[in-house]
Amino acid sequence: MSFERIKEKLNILADAAKYDVSCASSGSNRTNKNKGLGNSTGMGICHSYTEDGRCVSLLKILMTNYCIYDCAYCVTRKSNDIKRAAFKIQEVVDLTINFYRRNYIEGLFLSSGIFKSADYTMERLVAVAKKLREEENFNGYIHLKSIPGASDELMREAGLYADRLSVNIEVPTVSGLKLLAPDKNYEDFTKPMLKVKNEILQYKAEKKIIKSTPKYAPAGQSTQMIIGATGESDKDIMYSATHYYKNYHMKRVYYSGYVPVAEDKRLPAIGSQVPLLRENRLYQTDWLLRFYGFHVKEILNADFPNLDMDVDPKLGWALRNMQHFPVDVNRADKAMLARIPGIGMQSVHKIINARKFRKLNWEHLKNIGIALNRAKYFMICDSSKWEKRDLEPSRIKGLILQNSSGKFRKEYSNQLQLFS
Amino acid sequence: MINSKILVYDGSFNGFLTAVFTAFDEKVSVSDIQREDEYQSGLFSESETVITDNVKAKRVWYGIDKKSHTAIKQIYFAFLSESKGIEMLLYRYIRKLFSKLDTSPSDYSDGIVLKISQLAKSVGREKHRMEAFVRFQLTKDGIYFANIEPDFNVLPLISKHFRSRYADQYWLIYDVKRKYGLYYDLKKVEVVTMDLKELLTNRIHKSDSLTPAEYDFQDLWNNYFKSTNIKSRINLKLHQQHVPKRYWKYLSEKREVV
Ligand code: SF4
């Protein structure tokens, strides 16, 4: 292979793929078969981090950045004056294998601009995955993009080789989509999503009866929404996310602060700030919905269509619902413990375990690793020293912000530090 | 202290478990358990050298495992931290586990339990880092080679991960600090000691022992790494938090080969 030529393509096609924020390589269950190469079981591994702190676990590239569409928010759009390139199928296979063998990556994330037609493009993505699985006996992680408008047959085949499939909905509202991607239909996005969902359901049902049923997208499907491109509210975004979780059984919805890539009257100007804090607040909300037992309506509704920027959504909810507090950590059930600001899910488990042995006081709770500077206003424990003043929510908020101002600024990560 | 003894063992985990067995079996009052290469005689206690006995070690292992699976895992991980005084801390913990008192590896309000679980956690973190940051380089002999210098003795912990992932390639991971490595020959993993003529991390000059294409792939990877950056999102503080500087020497994307 000619390294110079590959290098040039890689620069172009990795650069164009980086706006897809999904980096997950977890949730699959592929073991190493017949002494082949690789596996993808359990937690994915981050082999490096970009300078903006995102996990690098997959070789994330486009097959090609030629595209027949002209979506306003996308660097790859037809009208954009950029260098174009296309990988050969074998080139992607070789790159993946060679990076994998050196322990650089967990696998491949392959997306593409739409070249000729949806099916023509999808076919090439499937061909790469098939080659990796069948010719290279590769058991590492493969994430393929479902190309909007791709046929059911191709989506069926894609899932037989890929661990995860994803269609990026990109614009959270149908009206926004009409404005920014006028030549695309909403149905083009949902059709492959629906097919994948049904195939997964079928696979799970058949698997119960016949153990050897071939795997179908064991890591499920995901989608991504761009944040801050069309003036949508946080409520619009999270209701939409809830819809995809519920109706398409999404494993993950990703939120990607819009990075301006075009001078277009419909969009924020080039150089506008990427809404990183807002993105983080949306991820926090997403976590509350998936792991903390919150209902989306509790956090966002007609009265509160947007998340607080100065406090995280869990603290925000607590401050608006002081009637539930203080909670007694030695008695409260799991669901209520999980709602105390400053107590994460891990701490909830630790509390439940530790309180079997003794009543917990401040010292114990500190050892367990609870952020007491937040939690103390919302709980009581085995101690007579607890916050007895009847503080106004706004005063509590002030006190908490005062004590965590430095830390607060660091909350730009969307993966770690979610509720610390 | 009357009749208290220092037990001296060979530094291996099985050696340590044998010492624990001896202490229980002979009802010794233990004043310390020390590795033979770090042994310091105490003023008022005599010492006894324990000969590693895998059968005895196994009995202790299964004994603890039966009490709690979490506990034996934490004990093993914490042991590999090589932290000063770890042996006595673990010994006290094991005694507690076997005493009538209720002790549970999830009782974080107990000081010893908490300390051990924290050590085990640090070792676990280092294990994950090594699984992530090992970078193989292909030698002319066809071996994927990596050298590492982990903070803790994690080679025994990462063996399984690499064995099940890279089942169809020869590989060798060498711990430069502790001077031993793991070599996989397509069938099994062996512990090897060797004289490394040169380190293959953080090198400025190209090494003759590597295939020429090796540098091309490193170059491709470095390029790839650069293109994944989104300038308007840069956050170097977060970056360093994820990849602390002391790990950069492993990462080809963090160095330049001339
Ligand atoms: S179809 Fe996809 S690649 Fe093409 S312009 Fe639209 S978003 Fe970009």
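Worth saying up front: this structure is predicted, and the values here are computed from it rather than measured.
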Can you give me the closest heavy-atom contact between [X] and [Y], atom names plus distance?
X        : Y        : value
A:Cys46  : B:Phe133 : O-CE2, 4.2 Å
B:Glu131 : A:Asn103 : O-ND2, 3.0 Å
B:Asp219 : A:Lys7   : OD2-NZ, 2.9 Å
B:Ala132 : A:His47  : O-ND1, 2.9 Å
B:Leu220 : A:Leu10  : O-CD2, 3.5 Å
B:Tyr224 : A:Lys60  : OH-N, 2.7 Å

[X], [atom1] atom: more than 12 neighbouring heavy atoms under 6.0 Å:
X        : atom1 : result
B:Lys177 : NZ    : yes
A:Gln346 : CD    : no
B:Lys140 : NZ    : yes
B:Tyr62  : OH    : no
B:Lys160 : NZ    : no

Original post:
By a 4.5 Å heavy-atom criterion (distance strictly below it), what part of A:Leu59 contacts chain B: side chain, backbone, both, or neither?
Top reply: both
Subject >> A:Arg102/B:Leu138 under side chain to side chain contact (heavy atoms under 4.5 Å, CB included): CA gap, chis, key distance, verdict >> reply: CA-CA 8 Å; A:Arg102 287 168 174 75; B:Leu138 185 57; 3.9 Å; yes
**OP:** Compare all side-chain heavy atoms of B:Gln218 with those of A:Tyr104 and state whether any distance is below 4.5 angstrom.
**Re:**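 They are in side-chain contact.
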Subject >> Contact check, side chains of A:Asn11 and B:Lys226, non-hydrogen atoms, under 4.5 Å >> reply: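 The answer is no; the side chains never approach within 4.5 Å.
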**OP:** Please determine, among A:Asn139, A:Leu37, A:Asn361, A:Thr31, the option with the most heavy-atom pairs under 4.5 Å with chain B.
**Re:** A:Leu37
Original post:
Between A:Ala17, A:Gly257, A:Gly36, A:Ala14, which residue shows the highest count of heavy-atom pairs closer than 4.5 Å to chain B?
Top reply: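 The residue among A:Ala17, A:Gly257, A:Gly36, A:Ala14 with the greatest pair count is A:Gly36.
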From [X] [atom1] over to [Y] [atom2], what is the distance, rounded to the nearest 0.5 angstrom?
X        : Y        : atom1 : atom2 : result
A:Ile97  : B:Gln169 : CD1   : CD    : 10.0 Å
B:Trp221 : A:Asn98  : CH2   : CG    : 13.0 Å
B:His161 : A:Asn39  : NE2   : CG    : 6.5 Å

**OP:** Please test B:Asp168 against A:Asn137 for side chain to side chain contact (heavy atoms under 4.5 Å, CB included), starting from the C-alpha separation and ending with a verdict.
**Re:** CA-CA 10 Å; B:Asp168 74 337; A:Asn137 196 4; over 6 Å; no
**OP:** Establish, yes or no, whether a centroid distance under 6.0 Å links the rings of A:Tyr100 and B:Tyr166.
**Re:** yes
